[in-house]
Amino acid sequence: MAAAPSSLSSGIPGARVTPRSQHNVSRLQISDSALQVLNGLHRAGFQAYLVGGSVRDLLLGREPKDFDVATDAHPEQVRKLFRRNARLIGRRFILVHVQFGNEIIEVATFRGSANGKEDESSEHSETGRILADNVYGSLEEDARRRDFTANALYYNIADRSILDFSTGMEDLQAGRLRVIGDPEQRYREDPVRMLRAVRFAAKLGFTLDAAAQAPIAACRKLLQEVPSARLFEETLKLFLTGNAQTSFEHLRQMGLFAALFPQVDALLDDARYGSARILLQGALQGTDARLLDGKSVTPAFLFAALLWPALQQERQLLEQQGKPETVALQQAASGVLQECAGRISVPRRFALPMREIWDLQARFMRRGGRRPHALLAHPRFRAAFDFLNLRSQSGEIPATLVEWWEQFQTADHDGRRALIERARLEETGQEPALGPLPATSRRRPRRRRRSNHAKQGETSQPGGSDDGHDDGRAGND
Ligand code: ATP
Ligand code: MG
């Protein structure tokens, strides 16, 4: 953690400067690629700063996820400097991605402030949301348009000092998340900032200051206006980056979970759906645990769990109206996904495996003849079984069903036959409980090997066994 900033003059209006001797950010902690970009810009006579999450995380002694650079060089100038490695991206506000090997350094030209008095450069919607924000500005303006004080610290490659135009250094030290400018106005400009507040509070263990919390109740409905693809990406960042449980608690507390998943939120306090909350918490806990173990997680499984309580409610309603079980499940799944898509659009490559996870749940109940063998061979068996496990842990289905499937997976030919027979007797009421298998039949059969290049959207269970066919990414490609 850094020492309190000194008030040395930087020659930059409004900036408080912490010289290198008074902070803990060392060049050794900055990636070579980021240093190349910073030094390249500096040598060419431009201002060059490391900014955002990387400075914040380094000051907190955490490893940054990536390195972002801010500069007064315009995108074309940046491209000329890093010709072979540079690519212009974005349409309205053009950024430069400078790539070295696998690492991409995002270089942004200082952006003009859309905060404060009416700014002709930025278009707003009726509720104040910024639609276009595409002018260049000064360093100070760039700082003012960032979201939180802790995210608006600039590491200056010229003298390795840190510049603070607000109260970032103090807030970092106090573990406080504070919005730059008027919180309500900043949420109106971009409602996603409310979700970012939750994400950073959860990730850093910070408290959101009272002023930042107060307008959320009035502004949370504005999330409806946010493009559904962006909300999908933000939801992934909230739940698939290792702090899902804390994020969920914060979201619930601030009424933001209700803004994202209203149908599910309503069930969480309903005693008739007591297992819903346990299932969700189990899924989020499993997700966090997998990430901690360096295992992959995918959106298909996450959304299968997030929307499951709503699906159950819909299905029950349809069954009460006389729809057969499978028809009710199909219709409920379509309905719930459609309802969700109005706010958060789950791309098809995740929605399809998600539906398979749901559809397969019914097939776990049918254990006669060849059916269990066919289900075991299904490409989505692993994920669906993990989901079954979650449901069992939440009390929704008996643990004996999961035990039966556990045994079936590891049993040999005879053992499987015995299990199928046992299930038949159990279902016809002739044998009540599922006992252990004889020792001889517990040999682990060879599992079919699957391609190393597992498909995107494939998932494996949070918290359970791992058969190594994950795709190694959180899936937000
Ligand atoms: P992470 O560790 O998740 O990457 P980050 O702070 O770097 O955290 P990014 O989404 O990478 O977050 O954004 C980089 C920086 O850009 C932020 O630190 C913040 O200064 C600014 N920023 C990003 N999104 C917004 C936003 N919606 N409104 C204002 N400033 C933003
Ligand atoms: Mg970042």
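Order of listing sets the numbers, starting from 1, for every ligand and every atom in it. We use all heavy atoms of the structure for the numbers below, so side chains are in, but hydrogens, waters and symmetry mates are not.
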Residue, atom name and distance, where the atom is the protein heavy atom closest to [atom]:
| atom | answer |
| --- | --- |
| atom 17 (C) of ligand 1 | R196 NH2, 3.5 Å |
| atom 21 (C) of ligand 1 | R146 NH1, 3.5 Å |
| atom 19 (C) of ligand 1 | D147 OD1, 3.4 Å |
| atom 3 (O) of ligand 1 | R199 NH1, 2.8 Å |
| atom 11 (O) of ligand 1 | D68 OD2, 3.8 Å |
| atom 7 (O) of ligand 1 | G53 N, 3.1 Å |
| atom 27 (N) of ligand 1 | D190 OD2, 2.8 Å |

| note | Judged by heavy atoms only, the candidate from R193, K237, R145 nearest atom 26 (C) of ligand 1 is R193
| remark: Heavy-atom proximity to atom 4 (O) of ligand 1, picking from R62, E189, R56, K65, points to K65
| task | Take atom CG of D270 as the centre, draw a 6.0 Å sphere, and report whether it contains more than 12 heavy atoms from other residues, nucleotides or ligands. | result | yes
| Under 4.0 Å to a heavy atom of K203 - the qualifying atoms of ligand 1, by number |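 Listed by number with element, the hits are 2 (O).
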| note | Near G52 (heavy-atom distance under 4.0 Å), the atoms of ligand 1 are 18 (O)
Using modelled atom types only, decide if a donor and an acceptor are shared between the side chain of [X] and the backbone of [Y] within a distance under 3.5 Å.
| X | Y | value |
| --- | --- | --- |
| D288 | A244 | yes |
| R160 | R27 | no |
| R56 | T149 | no |
| Q361 | A384 | yes |

Ligand 1 contact on [X] by region, counting heavy-atom pairs under 4.0 Å:
| X | value |
| --- | --- |
| N151 | both |
| E106 | neither |
| F148 | neither |

| query | Aromatic ring centroids of F387 and F364 under 6.0 Å? | reply | no
| query | Can the ring centroids of F93 and Y136 be said to lie less than 6.0 angstrom from one another? | reply |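 That pair passes the under 6.0 Å test.
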| message | In terms of relative ring orientation, are F257 and F239 parallel, tilted or perpendicular, with 30° and 60° separating the classes? | response | perpendicular
| task | Establish, from distance only, whether the side-chain atoms of R391 and S275 form a donor-acceptor pair under 3.5 Å. | result |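 Absent: no donor and acceptor within the cut-off.
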| said: Using 0.5 Å steps for rounding, measure from the CZ atom of F165 to the CG atom of D142. | reply: 8.5 Å
| Heavy atom of R230, distance to ligand 1 below 4.0 Å |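 A heavy atom of R230 does come that close to ligand 1.
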| task | Of all N, O or S atoms in D66, identify the one at the shortest distance from the Mg ion (ligand 2). | result |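 Sorting the N, O and S atoms of D66 by distance to the Mg ion (ligand 2) puts OD1 first.
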